[in-house]
There are 2 protein chains.
Amino acid sequence: MATLSDVARRAGVSPATASRVINGSSKPVTEDLRERVLRAVAELQYVPNAHAQLLARSHRMAVGVIVHDVSDPYFAEITRGLQRVATDQGRLLTICNSYRDPDRELEYVELLRGQQVAAIILAGSGYHDATFTRLLNEKLAAYEATGGRVAVIGRHEHSGDAVMPDNRAGGRLIGAELYELGHRAIGVVAGPAVLTTTTDRLTGLRESLAAHGLSLPEHRVRHAEFDRDGGVAATAALLDADPGLTAIVALNDSMAIGALALLRSRSVPVPRQVSVMGFDDMPIARDVTPALTTVRLPLVEMGARAMSLALDPGAAAPRVEVLPAEVVRRDSTGPAPEVVPVRPRAAGSGASAG
Amino acid sequence: MATLSDVARRAGVSPATASRVINGSSKPVTEDLRERVLRAVAELQYVPNAHAQLLARSHRMAVGVIVHDVSDPYFAEITRGLQRVATDQGRLLTICNSYRDPDRELEYVELLRGQQVAAIILAGSGYHDATFTRLLNEKLAAYEATGGRVAVIGRHEHSGDAVMPDNRAGGRLIGAELYELGHRAIGVVAGPAVLTTTTDRLTGLRESLAAHGLSLPEHRVRHAEFDRDGGVAATAALLDADPGLTAIVALNDSMAIGALALLRSRSVPVPRQVSVMGFDDMPIARDVTPALTTVRLPLVEMGARAMSLALDPGAAAPRVEVLPAEVVRRDSTGPAPEVVPVRPRAAGSGASAG
DNA sequence: AGACCTCAGGCAAGCGCTTTCCTGGGCAGC
DNA sequence: GCTGCCCAGGAAAGCGCTTGCCTGAGGTCT
């Protein structure tokens with residue numbers, strides 16, 4: 001591997017001059033020398049050692065991101081937003097998948113700290129786990145104490161800058177929507193109970209149902225993995241225990257897709273017999289059949305905002321931006337069977353604010 | 001930021017000893033000192049500077065991966081395979097998205113080289129572009145000359161180790177399948193013509209149709225972006241020009257989903273009036289309606305194999321592993337209308353090897 | 001009891017780069 | 001013609017870590 005000294009030697013200059021030419025330093029270099037250096041670079045196919053540069057330079061350019069899983073569309077969208085702002089500001093992104101393992105999340109905080117990133121962004125639900133939360137906050141505090149910046153997406157446990165999707169309001173919207181359609185027997189396909197996202201959404205749903213004097217008994221809430229197969233399993237359990245359900249709420253779209261798959265396999269007509277609502281509005285939601293009614297979260301925007309917060313030197317007080325959720329009506333919901341709906345519905349699949 | 005010297009000073013030992021304790025060096029350290037060092041580490045929340053370590057150490061642990069877009073399920077699956085093998089061998093993965101921009105791909109090769117990665121893996125279609133190919137090969141050769149390892153997935157332009165999905169054979173399978181079902185008026189929803197993946201699959205399809213005396217006129221092949229919206233656009237163009245088509249082949253599943261969406265919006269029954277076949281077998285293919293008949297590629301396996309090749313010091317001769325494609329029959333294909341099918345089909349949605 | 005061996009621990013030389021500070025040559029000014 | 005200034009280029013000091021080599025204390029063998 002060619003080094004800067006090799007280049008300098010070949011060009012007949014000092015490493016200092018070579019460095020200045022290569023980095024376009026403000027210090028002027030004679031045209032003649034500049035050319036010789038550039039020729040040497042080309043001839044040797046020289047590429048600077050990024051680690052040596054980082055070690056020698058003072059300022060850090062990279063930003064670290066910890067998500068549950070980038071290949072999950074929810075995080076893919078958020079990452080798109082993060083990426084956009086980062087690229088605009090000439091920052092490099094290091095993306096880490098925790099695969100919903102809190103320990104791995106802690107490890108990644110250390111790893112990113114070791115990589116000297118300028119900021120760390122934590123995306124995705126927090127955990128109901130006091131020990132973990134304390135440990136995480138300690139590590140983040142240590143990082144911030146040495147000048148690192150931290151921003152979180154959708155986690156209340158951290159006291160710094162945050163972008164918060166309004167999960168609870170989204171849950172309320174679902175309750176209102178289904179109540180209005182006449183649904184009274186509602187089952188919930190929920191993600192792991194240990195995730196705050198799950199409980200927030202559930203709390204909102206409960207609140208709006210309670211406002212109408214309805215409660216959500218425990219046996220009508222089934223927890224499973226936050227993915228398609230979890231949705232299949234939870235829906236099956238729900239239906240087996242309670243065949244009379246007229247609506248199923250999945251606490252994210254992946255689970256909703258699983259729910260639809262199970263209902264189809266059992267030949268349950270959606271929405272004629274059972275309505276299904278999801279959460280997140282991932283891109284695929286419009287392409288399943290029936291197209292999924294869901295609660296939209298501005299995922300790309302959330303990523304963009306979080307990155308802006310992280311890169312902006314920042315006010316003294318922590319900034320918290322709450323982004324609203326809205327209902328997107330498509331074809332997977334309809335009036336509860338045997339009940340006159342409160343409000344007539346169009347058959348189309350257009351979206352509208354909730 | 002605490003440094004190793006800080007730790008050493010606080011523990012009352014030399015940096016050398018501290019380093020040995022922290023890295024679990026083979027050199028023995030007295031229990032007493034070891035404890036003091038570890039305590040100092042904890043108290044200072046010390047995390048080693050990864051760049052300094054990489055600079056000081058000789059061996060490289062990270063592996064670089066360049067894909068078109070990880071959030072595309074095709075690459076997400078491949079990445080899963082890469083990740084698995086990398087993790088097993090204690091390697092860290094740096095993932096770069098080129099977003100199908102050849103220039104960005106070149107930049108990333110340099111970037112990864114600068115990061116001193118042990119290997120670079122290029123996943124995703126190559127380009128029909130001689131200049132780019134030459135440039136890329138030059139850069140890769142320079143990297144390999146300094147001990148770097150390179151493996152590619154699905155690119156013939158590189159002469160080293162490679163994992164090749166059998167795109168051409170897959171194309172042939174599609175042709176055979178549709179011919180057998182009686183389809184004679186077939187349209188193709190294709191990705192960008194500049195991608196070798198597109199042309200390979202198309203070539204295979206043409207070959208099998210030619211074997212039956214059929215040709216594929218240019219106006220029945222529409223090129224667009226390799227995603228859902230590209231599928232919508234190309235299918236619309238296809239149908240407008242030729243309403244009598246009985247089958248549509250999409251050269252990947254994302255486009256196929258777009259095709260299904262467009263057909264639904266025009267109320268064209270699938271597969272009764274038009275059959276649709278995809279390519280890749282992404283996970284979502286089974287959850288759209290009708291479930292998508294497609295050609296399965298062992299994506300995870302491809303990633304795993306590529307990583308194995310890249311990490312295995314390697315034979316002198318380049319190793320090329322060709323992985324087979326197989327048809328997965330689901331519900332989006334059926335006999336051509338007005339034609340008695342060559343072979344009767346079951347109504348179920350089970351998958352079976354082709 | 002003396003010579004020798006063993007082994008824990010420290011010294012210091014890098015890894016490849018950036019950047020401050022210094023040097024020495026060329027020029028203008030007096 | 002001499003002093004002083006300006007400026008391009010170089011020397012060298014790190015950045016934070018690893019590791020080969022050396023040292024000196026303790027133990028062993030005769």
Side-chain angles (χ1 to χ4, degrees), chain A residues 1-38 40-41 44-62 110-111 113-118 146-148, chain B residues 1-38 40-41 44-62 110-111 113-118 146-148:
Chain A
M1 195 82 186
T3 72
L4 184 66
S5 315
D6 296 335
V7 171
R9 202 171 314 123
R10 180 175 255 258
V13 301
S14 75
T17 303
S19 170
R20 293 200 256 259
V21 170
I22 289 167
N23 297 302
S25 147
S26 60
K27 185 143 194 179
V29 174
T30 322
E31 193 48 36
D32 171 40
L33 292 193
R34 147 168 278 103
E35 251 174 42
R36 267 154 56 195
V37 170
L38 292 178
V41 166
L44 293 171
Q45 293 252 36
Y46 169 73
V47 178
N49 182 322
H51 301 293
Q53 280 184 310
L54 269 155
L55 192 57
R57 282 205 243 268
S58 43
H59 53 276
R60 323 270 165 234
M61 282 315 272
E110 298 243 307
L111 184 113
R113 201 142 89 80
Q115 301 223 21
Q116 313 294 113
V117 295
T146 59
Chain B
M1 194 84 187
T3 71
L4 184 65
S5 315
D6 297 334
V7 171
R9 202 170 315 123
R10 179 174 255 261
V13 301
S14 74
T17 304
S19 169
R20 294 199 256 260
V21 169
I22 290 167
N23 298 302
S25 146
S26 60
K27 187 143 192 180
V29 175
T30 322
E31 193 50 34
D32 170 41
L33 293 193
R34 146 169 279 103
E35 252 173 41
R36 267 155 56 195
V37 169
L38 292 179
V41 165
L44 293 170
Q45 293 252 38
Y46 169 73
V47 178
N49 182 321
H51 301 293
Q53 280 185 311
L54 269 155
L55 192 57
R57 283 205 242 267
S58 44
H59 53 277
R60 322 267 163 239
M61 281 316 270
E110 297 242 309
L111 184 115
R113 200 142 89 80
Q115 302 223 20
Q116 313 295 113
V117 295
T146 59

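Note that this is a predicted model, so its numbers are computed, not measured. Every chain is numbered from 1, with letters handed out A, B, ... down the list of sequences.
- Remark: side-chain polar atoms of A:Arg36 are paired, donor with acceptor, to backbone N or O of A:Ala11 under 3.5 angstrom.
- With distances taken from any side-chain atom of B:Ala56 to the nucleotides D:dC17, D:dG9, D:dG10, the minimum falls on D:dC17.
- Put simply, the side chain of A:Val7 reaches to within 4.5 Å of the side chain of A:Val37, judged on heavy atoms.
- Checking C:dG10, C:dC17, D:dA8 against every side-chain atom of B:Val13, the shortest atom distance belongs to C:dG10.
- Side-chain contact between A:Ile22 and A:Val41: present, with at least one pair of heavy atoms (C-beta onward) separated by less than 4.5 Å.
- What separates NE2 of A:His59 from P of D:dC15 is a distance of 17 Å, to the nearest Å.
- Closest to the side chain of A:Thr30, out of D:dA8, D:dG16, D:dC22, is D:dA8.
- Per the geometry, CG belonging to B:Asn49 stands 18 Å off P belonging to C:dC15, to the nearest Å.
- Considering only heavy atoms from C-beta on, B:Lys27 stays 4.5 Å or farther from B:Thr17 through its side chain.
- When distances are taken from the side chain of A:Leu55 to each of C:dG16, D:dA11, C:dC17, the shortest belongs to C:dG16.
- In this entry the distance linking CZ of A:Arg20 with P of C:dT19 reads 10 Å, nearest Å.
- Comparing D:dG9, C:dT18, D:dC17 by their nearest atom to the side chain of A:Arg57 picks out C:dT18.
- Separating the CZ atom of B:Arg36 from the C1' atom of C:dA8 is a distance of 13 Å, rounded to the nearest angstrom.
- The listed nucleotides are D:dT19, C:dA8, D:dG10; the one nearest the side chain of A:Lys27 is D:dG10.
- Between B:Ser14 and the phosphate of C:dG10, there is a side-chain N or O to OP1/OP2 separation shorter than 4.0 Å.
- No side-chain heavy atom of B:Pro48 sits under 4.5 Å from any side-chain heavy atom of B:Leu4.
- Distance B:Met1 CE to D:dG16 P: 10 Å, rounded to the nearest Å.
- Closest to the B:Leu4 side chain, of the nucleotides C:dG16, D:dC17, D:dA11, is D:dC17.
- Distances were taken from every side-chain heavy atom of B:Ala16 (C-beta onward) to each of C:dA12, C:dG16, D:dC17; the shortest belongs to C:dA12.
- Look at NE2 on B:His51: it is 15 Å from C1' on C:dC15, rounded to the nearest Å.
- A sub-4.0 Å separation between OP1 or OP2 of C:dT18 and a side-chain N or O of A:Gln53 is present.
- Looking at the side chain of A:Thr17, the nearest of the listed nucleotides D:dT18, C:dC17, D:dG9 is D:dG9.
- Mapping B:Pro28 and A:Ile22 onto DNA chain C by nearest heavy atom places B:Pro28 closer to the 5' end of the strand.
- Residue A:Arg60 contributes atom CZ, which lies 12 Å from atom P of D:dC15 at whole-angstrom precision.
- Whole-Å rounding puts the A:Asp6 CG to C:dC15 C1' distance at 13 Å.
- At a threshold of 4.0 angstrom between heavy atoms, the contacts of B:Leu33 are confined to the sugar-phosphate backbone, with no base atom among them.
- Here C:dT18 is the nucleotide among D:dG10, C:dT18, D:dT19 with the atom lying nearest to any side-chain atom of A:Asn23.
- A:Arg10 has no carboxylate O lying under 4.0 Å from a charged side-chain N of A:Asp6, or vice versa, which leaves the two without a salt bridge.
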